[in-house]
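These notes concern the structure reproduced below.
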Amino acid sequence: MNENTMNTDFEKENIETAIYNSKFLMDKELFYDFGSVNYNRIKKLFLFFFCSVTLLIGLSLLDHNYDLVICFAPFISFLVSLIYFRTKKMTKISYERAFISAGKDSILNYELFEDKIVSHIEELKREYFYHQITRFFETKNFLLLHLQHNLYITIEKSSLNANTDEVKSFLLEKCPLVKKRKFISCINDKKWSLVFLIALIVVSLTATILGLMFKTNFIF
């Protein structure tokens with residue numbers, strides 16, 4: 001065995017292997033599931049609006065301030081509807097841009113090492129470190145590791161080479177900057193956002209009709 005052969009064997013033996021691995025095709029269905037993380041904040045915002053608007057409408061009606069109800073309620077309904085449908089549209093646009101840019105659905109591969117995460121997106125390779133991760137999210141298909149500027153490492157659960165709970169425990173141990181030591185579920189956030197939106201619209205429409213009726217009766 002010559003020296004070159006010995007060096008090659010030594011290098012092969014010392015190549016670091018990933019502890020966990022997730023390789024998958026980011027098709028339209030998976031991309032839309034990934035997009036459900038955007039509804040996590042919207043769900044909380046809509047719940048806040050629903051509670052605040054309902055309280056304000058009730059107080060305004062009791063105080064006979066019908067003009068405020070008539071003007072304010074429809075405006076808030078329009079605003080939250082705009083937020084919801086804009087988010088839905090942006091998910092669609094983001095997928096179409098990614099598809100057009102690559103000319104196809106991309107294959108993503110994430111490798112979790114002891115000290116870093118390596119991503120392979122087609123020919124592009126990037127390295128991330130665990131101290132860069134600030135939050136954990138979970139959708140139906142993904143474990144999402146949030147980085148700065150709303151970037152995410154997307155680990156597809158069904159393609160993992162290990163049990164999902166095992167990988168979760170590993171990540172919880174490795175990421176010191178994550179304040180909430182758990183994966184925040186976004187599985188039903190889009191549905192709940194729509195529920196709160198519909199509830200807010202119903203309350204706003206009812207309040208507007210009541211405001212108009214009470215104002216008319218007050219005038220006459």
Side-chain angles (χ1 to χ4, degrees), residues 18-48 50 80-81 83-102 104-112 117-122 126 128 130 132-175 177-200:
I19 302 173
Y20 302 110
N21 167 267
S22 173
K23 185 176 182 179
F24 61 96
L25 178 70
M26 180 66 95
D27 59 16
K28 185 176 182 179
E29 182 180 352
L30 285 179
F31 192 95
Y32 274 58
D33 180 63
F34 160 63
S36 62
V37 69
N38 296 321
Y39 292 92
N40 182 259
R41 185 163 41 184
I42 290 175
K43 177 192 69 175
K44 298 173 184 176
L45 180 65
F46 284 9
L47 176 59
F48 170 78
F50 175 75
V80 295
S81 297
I83 293 172
Y84 179 86
F85 289 108
R86 184 179 182 278
T87 302
K88 187 176 180 179
K89 184 177 180 180
M90 288 305 299
T91 301
K92 180 176 182 291
I93 291 173
S94 296
Y95 171 74
E96 289 174 349
R97 284 177 178 172
F99 186 90
I100 292 171
S101 177
K104 59 180 180 178
D105 290 326
S106 298
I107 296 176
L108 281 64
N109 183 19
Y110 288 95
E111 296 177 312
L112 280 65
I117 299 174
V118 178
S119 74
H120 302 269
I121 303 176
E122 299 299 340
R126 288 179 179 170
Y128 305 94
Y130 294 109
Q132 295 177 272
I133 297 167
T134 58
R135 281 180 291 174
F136 296 134
F137 294 95
E138 183 174 6
T139 69
K140 178 182 176 182
N141 296 291
F142 290 105
L143 299 179
L144 301 177
L145 315 182
H146 178 266
L147 305 165
Q148 60 181 348
H149 307 307
N150 289 325
L151 297 176
Y152 294 90
I153 294 172
T154 53
I155 300 174
E156 206 272 323
K157 293 188 282 189
S158 66
S159 64
L160 274 169
N161 63 337
N163 180 271
T164 302
D165 290 333
E166 179 184 335
V167 178
K168 282 183 178 181
S169 298
F170 173 82
L171 290 168
L172 285 168
E173 181 182 344
K174 287 290 181 180
C175 303
L177 293 185
V178 178
K179 295 180 180 179
K180 288 188 177 181
R181 309 302 295 173
K182 64 177 184 178
F183 281 79
I184 301 169
S185 177
C186 305
I187 295 173
N188 294 312
D189 283 356
K190 183 178 180 179
K191 180 185 73 174
W192 280 112
S193 297
L194 183 59
V195 168
F196 292 138
L197 171 61
I198 293 171
L200 182 56

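Keep in mind that the numbers below use all heavy atoms, side chains included, and drop hydrogens, waters and symmetry copies.
Inter-residue side-chain proximity for L145 and I117 is flagged as met; some heavy-atom pair is nearer than 4.5 Å. Between H120 and K23 the shortest side-chain heavy-atom distance does not fall below 4.5 Å. Using a 4.5 Å cut-off on side-chain heavy atoms (C-beta onward), T91 and S94 make no contact. With contacts defined as side-chain heavy-atom distances shorter than 4.5 Å, the pair Y39/K88 qualifies. Annotation: side chain of F50 is not in contact with side chain of V80 (no heavy-atom distance under 4.5 Å). Put simply, the side chain of F34 does not reach to within 4.5 Å of the side chain of T139, judged on heavy atoms. Between K28 and F99 there is no side-chain heavy-atom pair separated by less than 4.5 Å. With contacts defined as side-chain heavy-atom distances shorter than 4.5 Å, the pair Y130/L171 qualifies.
F31 contributes atom CZ, which lies 12.0 Å from atom NZ of K92 (distance to the nearest 0.5 angstrom). A distance of 4.0 Å separates CG in D33 from CG in N141, rounded to the nearest 0.5 Å. Atom CG in L177 sits 12.5 Å away from atom NE2 in H146 (nearest 0.5 Å). The CD1 atom of I198 lies 11.0 Å from the OG atom of S193; values are rounded to the nearest 0.5 Å. Rounding to the nearest 0.5 Å places OG1 of T134 at 8.5 Å from CD of Q148. Taken from CZ in F170 to CD1 in I19, the straight-line distance is 4.0 Å, to the nearest 0.5 Å.
Side-chain atoms of E122 come within 3.5 Å of backbone atoms of I107 as a donor-acceptor pair (strictly under, hydrogens ignored). In terms of modelled atom types and a separation under 3.5 Å, the side chain of S169 and the main chain of D165 share a donor-acceptor contact.
Using a 3.5 Å distance cut-off with no hydrogens or angles, the side chains of T154 and E156 do not pair a donor with an acceptor. Looking at Y95 and D105, their side chains do bring a donor and an acceptor atom within 3.5 Å of each other.
Residue K174 qualifies as enclosed at atom NZ: its count of foreign heavy atoms under 6.0 Å is above 12.
Relative orientation of the F183 and F136 rings is parallel, given thresholds of 30° and 60° on the angle between their planes.
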Check: Should S81 and L197 be marked as a side-chain contact (heavy atoms from CB on, under 4.5 Å) after you check the CA-CA gap, both sets of side-chain angles, and the distance that decides it?
Finding: CA-CA 7 Å; S81 297; L197 171 61; 3.5 Å; yes
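Within the 6.0 Å centre-distance limit, the rings of F24 and F142 are counted as a close aromatic pair.
The two atoms that bring D27 and L30 nearest to each other are OD1-N, 2.9 Å, heavy atoms only. The shortest heavy-atom contact between S106 and I121 is CB-CG2, 4.4 Å. L147 and Q132 get closest at one heavy-atom pair: CD2-O, 3.6 Å. Here the shortest heavy-atom pairing between K180 and I184 reads CD-CD1, 4.1 Å. When all heavy atoms are compared, the tightest approach of I133 to C175 is CD1-SG, 3.6 Å.
A salt bridge links D189 with K43: the distance from a Lys NZ or Arg NE/NH1/NH2 to an Asp or Glu carboxylate oxygen falls below 4.0 Å.
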